[in-house]
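Note that the coordinates shown come from a computational prediction; the quantities given were computed from them, not determined experimentally. A note on names: the letters A, B, ... follow the listed sequences, proteins ahead of strands, and every chain is numbered from 1.
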Amino acid sequence: MRRGFAPWADAGARALLRLQGVSKRYGDIVAVDALDLDIFEGEFFALLGPSGCGKTTLLRLLAGFETPAQGSILLAGEDIAAVPPYRRPVNMMFQTYALFPHLSVAGNIAFGLRQERLGRAAIEARVAEMLALVQLEGLGARKPHQLSGGQRQRVALARALAKRPRVLLLDEPLAALDKKLRAQTQFELVNLQARLGTTFVIVTHDQEEAMTMAHRIGVMDRGRLMQVAEPSELYEQPNSRWVAGFIGEVNLIEGRVAALEPGIAVVAALGGHFRVGATAGVGPGDSVCIAVRPEKVRVANAPAAAPTDNCLAGSVVDIGYLGGMSSYQVRVADGFLVRAAIANATRRTTPPIGWDTQVCLTFAPQDAVLLTR
Amino acid sequence: MMARWRGGQGNWWAAFVRLAPTLWLAAFFLLPFLIIVKISLSQTAIAQPPYTPTFDLAAGLAGLRAFLAALSLESYRILGSDFLYLASYLKSLQVAAVSSVILLIIGYPIAYGMARLHPRWQPIALVLVILPFWTSFLIRIYAWINILQREGLFNTALAALGLVDTPVAWLSSDTAVYIGIVYSYLPFMVLPLYATLEKTDATLLEAAADLGCPRWRAFWLVTVPLSAPGVAAGVLLCFIPIFGEFVIPDLLGDSRSVMIGQTLWTEFFANKDWPAASAVAVVLVGILLLPIVLHQRAQARADKD
């Protein structure tokens, strides 16, 4: 990932792709709902969400396969909402790759170039360049069905990049690969994107994939963007219960603000009081939610060391051994289950803290997030 | 259970299933064909059956030798010497080729339209294509005689529209033959085309559009090449039976210019020349094997790629 690349933080930067109030309906179903989004030149942007959230529809709107019912899609300042797909400087890599079975690898890559009426020599040079880019030199004469899944994926990528699109759209590009190849291809895609500087918009349902690859992630649910942020911000500073729950694992503890101290909100929940870093606009009496990630919860036999830390007493009901770490389930007041993750930093085969042990779960105020939505 | 099934009678059953198509072809194609080949090598005779020699098992080895000696290629020589036969073959070739092209031109848009219908309507369209088969083929051809005759529906309609002053003689012409053949064989062209077009992946057309192809060009660059197997199947399925077609040219066509099926019929039933008729049939089979072999070759090449 390129360090210091954050045009979205620059108020003066102009977006390459700007969606304003874009809506798309299928009958009664709202697939995309009055959506606003800016994507910047050279950005690797991921659309992440559960299936049916509208992320694929959004990608198809960008490609031109669907036209929005409302709103505008601006590419470099020009509204392309009504421009047909064959006139958009945007290309797509399909989930199923959609390679033409009757054409060779070279024929597939040259397909888009032929539509531009480029000269034969220019097309051949560009095809050779693309084959080299995806490391498929020498396979230009093969037919798609003679290639492995990974090779087909590269041909699809080369074909979509051959026309030098302003934006490359990738629909679940790694979904058809096996797990090991997927991890390798993730890094290759990131390197390729950094080298070419092309704007990538990727749709995925795999949050790990989005986290590893993208500069920013837009999390979608029911046709709306719930949060658009860098991966670390999305994880550490979710803006709602839904996003906190969707990205990674989290303990969501419902409560009410009892008092405000400078920078700290005291929340009454589970029969006790918890100190959490305050969010702007939170006042006493507001019902809020404390979100704390399992790895930020410490499990100890003794009460908290620092008096400012929050403490929850309970008993261990389940331990899941995952190799690098162990996942604890602890039953606290009101039968509420809290999850804690402990790194297995030393070699031992029995858990350091066993089943049914009375423990104290602690977390520092700055390690929890106060959510109002 | 499984083991016994595989080891015991299972082997017999599997062998039978594997051999069944071969046995079927041997019994109902190869054997009759060999009989026809034998008759084509015989001479006509005023007897029952109307040719010699006939094979007599009782005569033993000497009888077999006499039998073989009596066979001759005389019928094939006649086939080559009389221009009538060549003319009939050429006529069949012309009718089969022209009809296949017309069928393709009419059938492709129909099949394409069907494949693009909403999935709910496709079975209905399919039934509509097959529906004419529910009426006897002969009745439908007689209906065409009715439609095309001097005072028939077609001439009446043309006159009513003011397109012609005097009725046109449609019957006993090549036009009538083409109308009858195209009408009768259209389902055989539409069905294989539809089966191929219906399987075309719509994403490929989106990919073509994405790469800068307007819809009409995507049709020529993607849809048409991908439907080639359907085109080949449809053309073969029409060309081969049309080549040997008898009923339609006999009922609708001009008796001065006959197709090979009609010549064959005449030899068998009018001239009672079974050997000549058999020779005509053997050569016909030979001619029709050619497109099938070519198609097989092309397919084997496509599979190898």
Side-chain angles (χ1 to χ4, degrees), chain A residues 56 59-60 62-66 83-105 107-118 123 130 141-147 152 155-165 167-172, chain B residues 104 107-109 111-112 115-121 192-236 294-305:
Chain A
T56 299
L59 201 73
R60 292 175 60 80
L62 295 178
F65 301 137
E66 313 282 351
V83 175
Y86 53 87
R87 285 212 209 97
R88 292 190 187 196
V90 166
N91 285 124
M92 172 129 151
M93 188 186 150
F94 293 82
Q95 182 173 4
T96 54
Y97 309 147
L99 298 177
F100 302 118
H102 59 298
L103 297 179
S104 66
V105 167
N108 266 282
I109 297 172
F111 191 93
L113 303 168
R114 293 218 173 96
Q115 307 314 314
E116 291 176 348
R117 310 271 150 118
L118 285 180
I123 291 177
M130 296 320 293
R142 294 261 185 100
K143 287 279 180 70
H145 68 92
Q146 294 171 311
L147 303 177
R152 276 204 284 274
V155 176
L157 184 64
R159 185 178 73 176
L161 281 169
K163 294 185 77 171
R164 303 176 212 272
V167 179
L168 180 71
L169 310 171
L170 304 101
D171 186 7
E172 303 267 7
Chain B
L104 189 59
Y108 203 102
Y112 184 71
R116 296 193 60 119
L117 277 179
H118 189 280
R120 191 164 12 131
W121 299 109
L193 281 174
Y194 166 76
T196 315
L197 287 169
E198 189 257 340
K199 278 186 293 182
T200 310
D201 183 0
T203 322
L204 292 178
L205 295 176
E206 283 189 346
D210 186 68
L211 293 165
C213 235
R215 195 173 267 188
W216 63 269
R217 214 186 308 155
F219 173 79
W220 286 108
L221 293 178
V222 179
T223 309
V224 170
L226 287 178
S227 66
V231 171
V235 167
L236 271 187
L294 287 179
H295 181 242
Q296 291 271 8
R297 282 255 184 91
Q299 220 154 36
R301 217 178 316 128
D303 287 348
K304 220 169 60 183
D305 275 352

If we only count heavy atoms from C-beta on, is the B:T203 to A:Y97 side-chain gap below 4.5 Å?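 Not touching, per the 4.5 Å side-chain cut-off.
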Check: A:P101 and B:L204 side chains under 4.5 Å, non-hydrogen atoms: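 B:L204 vs A:P101: side chains touch.
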Enumerate, atom names and distances included, each donor-acceptor pair closer than 3.5 Å involving a side-chain atom of residues 212-223 of chain B, sequence neighbours excluded.
unit_1, atom_1, unit_2, atom_2, d
B:R217, NH1, A:Q115, OE1, 2.3

Contacts of type salt bridge (Lys or Arg N to Asp or Glu O under 4.0 Å), residue B:E206, not counting sequence neighbours: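 So B:E206 forms a salt bridge (Lys or Arg N to Asp or Glu O under 4.0 Å) with A:R60.
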Among A:R159, A:E116, A:R87, A:R142, who wins on heavy-atom pairs under 4.5 Å with chain B?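 Sorted descending by pairs with chain B, the first entry is A:R159.
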Using non-hydrogen atoms only, which part of A:L99 is less than 4.5 Å away from chain B: side chain, backbone, both, or neither?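 The backbone, not the side chain.
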So for B:A208, is it side chain, backbone, both, or neither that comes closer than 4.5 Å to the heavy atoms of chain A?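 For B:A208, heavy atoms of backbone and side chain both lie under 4.5 Å from chain A.
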Could you walk me through whether A:F100 and B:L226 pass side chain to side chain contact (heavy atoms under 4.5 Å, CB included), step by step? CA-CA 9 Å; A:F100 302 118; B:L226 287 178; 6.0 Å; no
